[in-house]
Amino acid sequence: MLRFKRYLVLCLFLVGVMTAFSFWAIGQRGADAHGAFSPPPRAAVKMDALSAGMTTAVKVTRAPDGGWLAQAAAQTGIPATVLRVYVAAAAAANDSNPGCGIGWNTVAAVGFVESAHGTYGGGSLDKDGHATGPIVGPSLNGAGFAAIPDTDGGALDGDARWDHAVGPMQFIPSTWKMAGLDGNGDGLADPFNLDDAALTAATYLCGHGRDLTTAQGWTNAIYSYNQSDAYVRQVRAQATAYAAKTGTAE
């Protein structure tokens, strides 16, 4: 009788272990694959002809046609100065990564979700794309967010204990140090300047040879920015809305 009870307990234990392992394996497969969201349509854009010799910065490289820009700004509610930067950043990222295929509407959607186009906390961007006030996200202290100890001595975010995402595209200081680019040709890579931040974001999303015209490529790109299904859905919905308002690329 005692032997039978031990056998029964052992069987129940093994069943429990196998069940737990099955749930873990299913969860791991989901975590590894994290699913793939179909990419939003690429929004149409009409570009000005590139002026000869002007290849040093976003502001003086490929820019949208003035008439198209005014109309698209009215359709999307994105300020024209801001929309111009998103379009130019996407064009520059595609030029440096020919297989990427990022649409300006994806860059704009990230900018909207991250800081409402630089208006987070009641701030704004001036005519040169500089934040008029500090755009600094919550403390990444593990309370509702990832725990990321300070990496820059508080130089960008004012906190020498924990990191904060900064600027209109909300870069973590360590990521900015690694990936930050000069988008306006002033010799500085400034995360609080939209030209710099948008070019960096577009280039970062195109990294690792990603093809953003594919479901997996676009999903992996947005996950690299924020590993959250809810975030990916929000960016996708916003990018899709922008394309619906301005028309899609052929």
Side-chain angles (χ1 to χ4, degrees), residues 27 30-45 72-73 75-79 82-83 85-87 89-90 93 100-125 131 135-140 142-148 163-172 175-176 179 191-192 194 197-208 210-249:
D32 291 341
H34 63 58
F37 297 82
S38 59
R42 286 184 64 183
V45 60
Q75 291 168 330
T76 61
I78 303 173
V82 174
L83 179 56
V85 173
Y86 291 146
V87 171
C100 178
I102 190 170
W104 67 259
N105 51 314
T106 287
V107 183
V110 171
F112 174 80
V113 173
E114 291 292 349
S115 72
H117 307 311
T119 63
Y120 173 81
S124 62
L125 299 173
I135 303 176
V136 178
S139 173
L140 300 177
F145 300 93
I148 303 179
D163 265 350
H164 300 241
V166 299
M169 303 303 280
Q170 288 290 277
F171 277 96
I172 296 170
T175 303
W176 185 260
F192 294 98
L194 183 62
L199 178 61
T200 301
T203 304
Y204 183 84
L205 291 170
C206 286
H208 302 285
R210 298 187 187 101
D211 179 356
L212 270 67
T213 66
T214 67
Q216 198 64 62
W218 188 87
T219 302
N220 287 347
I222 306 304
Y223 262 106
S224 75
Y225 219 90
N226 188 320
Q227 297 178 3
S228 160
D229 280 353
Y231 179 86
V232 175
R233 290 191 185 97
Q234 190 176 5
V235 170
R236 185 184 182 281
Q238 194 64 40
T240 300
Y242 287 146
K245 291 174 180 177
T246 60
T248 57

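Bear in mind the structure is a predicted one, so any value in this text is a computation, not a measurement.
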Mind checking the [atom1]-[atom2] spacing from [X] to [Y]? Nearest 0.5 Å is all I need.
{"X": "Met169", "Y": "Leu199", "atom1": "CE", "atom2": "CG", "result": "10.5 Å"}
{"X": "Ile78", "Y": "Tyr242", "atom1": "CD1", "atom2": "OH", "result": "4.0 Å"}
{"X": "Ile148", "Y": "His164", "atom1": "CD1", "atom2": "NE2", "result": "10.5 Å"}
{"X": "Arg233", "Y": "Ile222", "atom1": "CZ", "atom2": "CD1", "result": "14.0 Å"}
{"X": "His208", "Y": "Ser224", "atom1": "NE2", "atom2": "OG", "result": "7.0 Å"}

[X] and [Y]: which non-hydrogen atoms are nearest, and at how many Å?
{"X": "Ala202", "Y": "Ala89", "value": "CB-O, 3.7 Å"}
{"X": "Leu205", "Y": "Ala221", "value": "CD2-O, 3.2 Å"}
{"X": "Arg42", "Y": "Ile102", "value": "NH2-O, 3.7 Å"}
{"X": "Gly118", "Y": "Ile135", "value": "O-CD1, 3.6 Å"}
{"X": "Leu83", "Y": "Ala73", "value": "CD2-N, 3.7 Å"}
{"X": "Ala43", "Y": "Thr246", "value": "CB-OG1, 3.6 Å"}

Exceeds 12 heavy-atom contacts within 6.0 angstrom, atom CD of Gln75: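 More than 12 heavy atoms, drawn from other residues, nucleotides or ligands, come within 6.0 Å of this atom.
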Between Arg236 and Ser38: side-chain donor-acceptor atoms closer than 3.5 Å: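 Yes, Ser38 and Arg236 have a side-chain donor paired with an acceptor closer than 3.5 Å.
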Sub-4.5 Å side-chain heavy-atom contact between Pro41 and Thr240: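 Side chain of Pro41 against side chain of Thr240, heavy atoms only: contact under 4.5 Å found.
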Ring centre gap for Phe192 and Phe171 strictly below 6.0 Å: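 When the ring centroids of Phe192 and Phe171 are compared, they turn out to be at least 6.0 Å apart.
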Donor-acceptor contact present, side-chain Thr219 to main-chain Phe37, <3.5 Å: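 Side chain of Thr219 to backbone of Phe37, a donor-acceptor pair under 3.5 Å: yes, one is there.
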Pair listing, side chain to side chain donor-acceptor pair (under 3.5 Å) test, anchored in residues 102-114, at least two apart: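 Counting only pairs at least two positions apart or across chains, the side chain to side chain donor-acceptor pair (under 3.5 Å) contacts touching residues 102-114 are Thr106-Trp218, Glu114-Tyr231.
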Test side-chain contact (heavy atoms from CB on, under 4.5 Å) applied to Val235 and Tyr225, step by step: CA-CA 11 Å; Val235 170; Tyr225 219 90; over 6 Å; no
